[in-house]
Amino acid sequence: MELLRKSVQTQIEKDRIGSPVFLRGILNVVNRESSLLLPTTELVSLANAWIPSIPQKVYATGDVDGIQVTTMVQYANGQMAVLSVHRVDTETAIDIMLVGNRGVIYHETPIGRHFLSGTPPELHGVGELSEVISTSLASGQPTVVEG
């Protein structure tokens, strides 16, 4: 994921898409035994790195011990991220669409179902807002990000 983070950040810094305003991210993980909380927080961390504002509110739904968690992050300057983590049987893969005010970045790894190239993202367990996400999942309500 670090390679993806740096690659997209380089394009943002080159002003290829303008200022990021919306991120849609789907992360499929081969993860049968542990919680989906860590992959979810890692995807949120990725969003926080690219969106030029601080998280203001988080709404999460799903079950970290089930097959899917979806998290919506609203940022202080109006940007939004909709992020979904799914437990799958095949291979870990990521699909993102980062919309800027002047363009869009699309990325899918591995690259399409008919391609043999592409490296699946490596998860390192580094994430953000785990407490806020857990609170939102437990309450079923949006949770304001403190500090």
Side-chain angles (χ1 to χ4, degrees), residues 1-88 91-112 118-147:
M1 291 270 264
E2 189 58 30
L3 181 59
L4 173 60
R5 179 189 318 260
K6 288 178 182 178
S7 176
V8 171
Q9 187 62 42
T10 298
Q11 297 309 308
I12 292 169
E13 289 169 1
K14 289 181 179 178
D15 204 29
R16 301 271 172 125
I17 65 166
S19 181
V21 295
F22 177 77
L23 174 66
R24 189 255 311 135
I26 300 167
L27 177 62
N28 294 321
V29 293
V30 177
N31 179 343
R32 291 179 188 86
E33 297 164 14
S34 61
S35 167
L36 290 178
L37 184 59
L38 233 60
T40 298
T41 61
E42 192 163 348
L43 193 55
V44 168
S45 178
L46 200 61
N48 292 345
W50 296 332
I51 301 290
S53 185
I54 59 170
Q56 184 178 40
K57 195 179 286 187
V58 171
Y59 178 63
T61 185
D63 180 1
V64 294
D65 296 319
I67 59 167
Q68 181 267 337
V69 172
T70 297
T71 306
M72 293 169 277
V73 183
Q74 179 183 354
Y75 293 86
N77 293 334
Q79 300 94 334
M80 187 72 128
V82 178
L83 311 165
S84 191
V85 177
H86 305 141
R87 194 181 310 266
V88 296
E91 67 180 326
T92 298
I94 191 165
D95 181 359
I96 64 163
M97 176 182 70
L98 180 62
V99 179
N101 59 0
R102 290 196 326 254
V104 180
I105 293 174
Y106 295 98
H107 176 82
E108 183 181 3
T109 304
I111 306 164
T119 306
E122 293 182 22
L123 303 176
H124 299 292
V126 177
E128 297 177 15
L129 302 176
S130 62
E131 200 170 305
V132 175
I133 293 167
S134 294
T135 300
S136 181
L137 283 167
S139 70
Q141 298 294 316
T143 303
V144 174
V145 178
E146 302 285 328

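The chain is numbered in sequence order, starting from 1. Worth knowing before you read on, the calculation uses all heavy atoms, side chains too, and leaves out hydrogens, waters and symmetry mates.
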Do Y106 and D95 have side-chain N/O donor and acceptor atoms under 3.5 Å apart?
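Checked: Y106/D95 side chains show no N/O donor-acceptor pair below 3.5 Å.
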Using a distance-only test with no angle check, is there a side-chain donor-acceptor pair under 3.5 angstrom linking S84 and T70?
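T70 and S84 do have a side-chain donor-acceptor pair below 3.5 Å.
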Exercise: identify the closest heavy-atom pair between [X] and [Y]:
X	Y	value
N101	G18	OD1-CA, 3.2 Å
T41	L38	OG1-O, 2.9 Å
I51	P20	CD1-CB, 4.2 Å
V145	P55	CB-O, 3.6 Å
G66	L36	O-CD1, 3.9 Å
I96	G25	CG2-CA, 4.1 Å

Report the distance from atom [atom1] of [X] to atom [atom2] of [Y], rounding to the nearest 0.5 Å.
X	Y	atom1	atom2	value
Q79	Q74	CD	CD	10.0 Å
E13	K6	CD	NZ	11.5 Å
Q56	E146	CD	CD	11.0 Å
H86	T92	NE2	OG1	13.5 Å
E42	L83	CD	CG	12.0 Å
R5	T10	CZ	OG1	12.5 Å

Just by modelled atom types, is the [Y] backbone N or O under 3.5 Å from a matching donor or acceptor in the [X] side chain?
X	Y	value
R87	V64	yes
S136	V132	no
S7	L3	no
S53	N77	yes

Answer whether the closest heavy-atom distance between the side chains of [X] and [Y] falls below 4.5 Å.
X	Y	value
V99	I17	no
Q11	L98	no
L37	I133	yes
V8	H107	no
L43	V85	yes
M97	F22	yes

For side-chain contact (heavy atoms from CB on, under 4.5 Å), just list the numbers for I54 and Y75, CA-CA rounded to whole Å, side-chain angles, deciding distance to a tenth of an Å, and then say yes or no.
CA-CA 5 Å; I54 59 170; Y75 293 86; 5.8 Å; no
I94 and side-chain contact (heavy atoms from CB on, under 4.5 Å): which partner among N28, V29, L46?
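The side-chain contact (heavy atoms from CB on, under 4.5 Å) with I94 is passed solely by L46 among N28, V29, L46.
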Residues, nucleotides or ligands: over 12 heavy atoms within 6.0 Å of Q9 CD
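Check passes, neighbour count above 12.
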Please lay out, stage by stage, how T71 and Y59 fare under the test side-chain contact (heavy atoms from CB on, under 4.5 Å).
CA-CA 6 Å; T71 306; Y59 178 63; over 6 Å; no
